[in-house]
Amino acid sequence: MVSPLLESLNPEQLAAVTLPHASALILAGAGSGKTRVLTTRIAWLLATGQASPLSVLAVTFTNKASREMSTRLSVLTPVNIRGMWIGTFHGLCNRMLRAHYREAGLPKLFQIMDTQDQLALIKRVYKAHNIDDERFPPRQLQALINGSKEAGLRPNQVEAFDEFSRRQVEHYALYEQACQREGVVDFPELLLRTYELLSRDDSLRQHYQRRFSHILIDEFQDTNVLQYKWLKLLAGPHAAIFAVGDDDQSIYAFRGANVANMQHFERDFSTADVPVKLIKLEQNYRSHGHILDAANALIKHNQGRLGKNLWTSDAHGEPVRAYAAPSDLDEAAFIVDVVKGLVEDNVSPAEIAVLYRSNAQSRVVEHALFNAAMPYRVYGGMRFFERAEIKHALAYLRLVAAPDDDGAFLRVVNFPPRGIGARSLETLQGLAQAQGSSLWQVASARPVSGKAGVSLAAFQKLVEAMKTATQDLGLAETVEHVVHASGLLGHYQSEKDGQERIDNLQELINAAQSFMREAEREVGAADEVVDDPLTSFLSHAALEAGETQAAEGRPALQLMTVHAAKGLEFHTVFVTGLEEGLFPHENSMSELDGLEEERRLAYVAITRARRRLYLTHAQSRMLHGQLRYNVASRFLDEVPAGMVQWLSPKHGDFAAEPEGLGRYNAAENAREDSGWRIGQSVKHSRFGLGIIIDAEGRGTDARVQVNFRDGGVKWLALEYAKLQPA
DNA sequence: AAATGTGGAATTTTT
DNA sequence: TTCCACATTT
């Protein structure tokens with residue numbers, strides 16, 4: 001019964017799956033069967049009787065990953081995986097806090113704030129304490145709060161360097177008071193609360209430590225300091241931690257991910273007699289050889305890797321292609337051309353991805369695709385549960401569940417408009433602040449005079465009526481009732497372009513329905529859901545923001561950032577905008593380890609491709625309303641020339657080939673009489689490689705402006721500067 | 001309370 | 001350029 005499970009695993013995968021009970025670090029390269037190893041490991045533990053479902057805890061970062069793990073696991077094992085804890089860090093922490101809310105010092109119905117709610121709360125705190133939001137930008141405080149919490153620091157533990165940061169820490173403390181008063185928690189708070197709860201409460205900690213003898217973590221390189229501490233705390237003296245990750249795919253340092261956790265792991269989880277076992281999965285089952293060669297060559301330029309080299313038993317496949325476009329428009333046109341050819345060769349557009357470093361780059365490509373009538377889908381942007389109409393509906397639901405939620409109160413007290421203006425709300429907020437109570441309480445206790453007071457009373461009556469009416473209803477019916485009774489539906493019906501919002505509200509009712517169906521069917525939090533469906537649904541809405549777009553009917557070309565592509569794979573991949581300043585991004589240069597993270601990002605991009613890979617760059621690009629001339633990315637040079645087939649003159653040296661693919665405008669062409677032209681790559685004996693971005697003067701006065709890769713932008717007199725075509 | 005104007009910023013992002 | 005938040009007007 002074990003052997004079919006282990007069939008067709010390669011020796012390293014087999015070793016990882018069947019490791020004896022001890023902590024292990026699995027260095028799993030891109031496309032090396034990481035998820036398979038993780039799920040098979042669990043199935044093997046169950047099959048051999050080494051673990052019961054109750055003793056397994058599996059942690060992921062995204063809901064998608066945790067769903068995939070559950071799905072794949074249920075195929076691999078006959079055992080009912082209900083009872084196993086599989087989820088995201090935040091989901092699991094939420095579960096623990098719901099179960100032990102009293103010990104954690106939280107109200108029973110505490111609500112989870114998403115990032116938007118958090119920012120709104122910060123702004124409210126500012127207003128209540130007359131804090132200047134010019135001097136202290138709310139977003140900056142938000143970053144400080146989240147950064148501190150993710151490092152495990154409360155306000156009294158944050159070090160202040162100067163007057164400014166001292167004030168900021170004060171604001172952090174005020175924010176915490178507000179959270180506590182309103183019974184709301186932000187994302188990092190879920191982690192930190194749980195961590196503090198477990199460190200404080202010995203019997204609780206021991207309970208979980210005894211229970212979870214097997215802890216498995218996916219994407220370990222993405223853990224932050226707090227998550228690592230959390231794992232360390234939860235792993236009792238006898239737990240085996242199975243950490244799977246890839247240091248070369250660490251691309252989230254900017255949001256606190258700490259690759260060093262991988263190094264610390266060996267030190268922290270080795271016991272006196274059993275060292276942490278390290279296994280490398282280097283055989284890649286995704287890409288053809290040439291693609292892997294390029295990826296390996298690129299990532300070799302990084303220092304301080306744990307060290308890994310992907311290989312495949314597959315064919316070399318097609319060469320990696322590169323293309324230098326004169327402009328971003330031409331780059332897009334090139335993509336459209338190639339995609340047309342691929343589709344004719346029966347490659348599904350859904351199997352083709354256009355990757356870029358930043359979202360702003362999608363526009364030009366979208367435009368070209370639109371004009372070519374090619375279906376495409378852009379990932380990223382507004383998520384379902386983040387949409388205004390959805391948040392409004394959820395706010396009504398939150399008030400029904402817990403009326404002291406000021407954030408929810410303010411969001412809908414005058415939406416749809418019912419004549420409660422800013423001035424009456426300010427009075428109300430002043431009173432609440434003075435009495436340290438919620439807006440709801442203040443409004444109930446002291447009727448506000450005038451028309452607004454009447455509306456306010458009507459609003460409270462409305463919410464109370466909702467509560468009564470939905471008392472005995474199921475979740476979906478509750479949502480449906482609230483959507484109607486709140487007047488949201490009516491409001492959008494009378495709006496000219498409200499149809500999409502109405503559809504979304506309908507979709508929210510559907511979401512509630514499938515949420516209940518899911519909970520009844522199986523997995524995880526079922527008990528809590530039965531206990532209090534509404535609170536569970538609200539937590540679900542906060543923790544799982546949903547898809548950005550409904551899936552489209554016909555297959556569409558995939559457009560997304562490189563970050564969003566992590567974990568995915570495609571037949572063909574275009575890595576676009578490979579230009580200095582864009583990819584690697586200029587902002588990364590000033591960050592510690594910034595360039596190396598950009599390189600890892602490029603590595604992730606390349607390793608998404610199974611069969612065909614295009615690397616493109618544009619010599620000029622419209623950015624922030626300004627035409628910019630960029631030098632080709634150093635990453636292009638870091639892939640050895642022999643591995644790349646250039647479909648254009650390398651780095652777009654169009655001067656050497658006047659009949660080339662360039663399409664310069666007349667104004668630019670008119671300027672050239674010197675043998676040099678704008679957009680041309682040049683080499684300077686001292687400044688190195690660059691690109692001509694402007695020119696002026698004639699004859700002996702002629703000067704050109706060059707953007708050097710390493711030396712910035714300089715004006716050079718052609719008569720004296722020793723410029724060479726590069 | 002909607003409509004219009006203005007200024008400023010514009011990697012990457014999950015929970 | 002384009003998007004957003006915020007302020008001012010109508």
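Within every chain, numbering begins at 1; the chains are lettered A, B, ... in the order of the sequence lines, protein sequences first and strands thereafter.
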*Exceeds 12 heavy-atom contacts within 6.0 angstrom, atom CZ of A/Phe370*: no
*Can you find a side chain N or O atom of A/Thr561 that sits less than 4.0 Å from OP1 or OP2 on B/dT13?*
yes
*Residue closer to the 5' end of DNA chain B, A/Thr62 versus A/Arg423 (nearest nucleotide)*: A/Arg423
*Determine whether the aromatic ring centres of A/Phe415 and A/His491 lie less than 6.0 Å apart.*
yes
*Could you check whether the rings of A/Tyr228 and A/Phe220 sit parallel, tilted or perpendicular, using 30° and 60° as the cut-offs?*
tilted
*Looking at the rings of A/Phe136 and A/Phe164, which for Trp means the six-membered one, are their centres under 6.0 Å apart?*
yes
*asked:* Considering every strand and a 4.0 Å limit on heavy-atom distances, what is the contact class for A/Tyr252: base, sugar-phosphate, or nothing?
replied: sugar-phosphate
*Rounded to whole angstrom, note down the C1' distance from B/dT12 over to C/dA5.*
22 Å
*Heavy atoms under 4.0 Å, any strand shown: does A/Arg383 hit a base, just sugar-phosphate, or nothing?*
sugar-phosphate
*Shortest non-hydrogen separation from A/Trp230 to A/Val59 and the atoms involved*: CZ3-CG2, 4.4 Å
*Counting any heavy atom closer than 4.0 Å, what does A/Phe254 reach on the DNA or RNA strands: base, sugar-phosphate only, or nothing?*
base
*Within less than 4.0 Å of OP1 or OP2 of B/dT14, is there a side-chain N or O belonging to A/Asn63?*
no
*Using a heavy-atom cut-off of under 4.0 Å over every strand shown, decide if A/Glu591 touches base, sugar-phosphate, or nothing.*
base
*In whole Å, what separates the C1' atom of B/dT14 from that of C/dC3?*
23 Å
*Between the base of B/dT15 and the side chain of A/Thr115, is there a donor-acceptor distance below 3.5 Å?*
yes
*asked:* So A/Lys566, base contact, sugar-phosphate only, or nothing? Heavy-atom distance under 4.0 Å.
replied: nothing
*What's the base orientation of B/dT12: syn (chi within 90° of 0) or anti?*
anti
*Let me know, please, whether A/His563 or A/Ile420 comes out on the 5' side of the other along DNA chain B by nearest nucleotide.*
A/Ile420
*Decide if atom CD of A/Gln116 counts as having more than 12 heavy atoms of other residues, nucleotides or ligands within a radius under 6.0 Å.*
yes
_Bracket notation of DNA chain B in which parentheses pair within the strand, [ ] cross earlier pairs, and | pairs with another strand (Watson-Crick or G-U, under 3.5 Å)_ = ||||||||||.....
*Checking all strands, does A/Glu219 fall into the base, sugar-phosphate, or nothing category for heavy-atom contacts under 4.0 angstrom?*
nothing
_With a 4.0 Å cutoff (strictly under), does any side-chain N or O of A/Asn359 reach OP1 or OP2 of B/dT12?_
yes
*Taking every non-hydrogen atom, the tightest pair across A/Asp218 and A/Lys34*: OD1-NZ, 3.1 Å
*Answer yes or no: does a side-chain N or O of A/Lys123 lie under 4.0 Å from OP1 or OP2 of C/dC6?*
yes
*Look at the side-chain N and O atoms of A/Asn94 and state whether any lies under 4.0 Å from the OP1 or OP2 oxygen of B/dT15.*
no
*Could you tell me how the ring of A/His540 sits relative to the ring of A/Phe385: parallel (under 30°), tilted (30 to 60°) or perpendicular (over 60°)?*
perpendicular
*Could you tell me whether the phosphate oxygens of C/dT2, OP1 or OP2, come under 4.0 Å of any side-chain nitrogen or oxygen in A/Arg363?*
yes
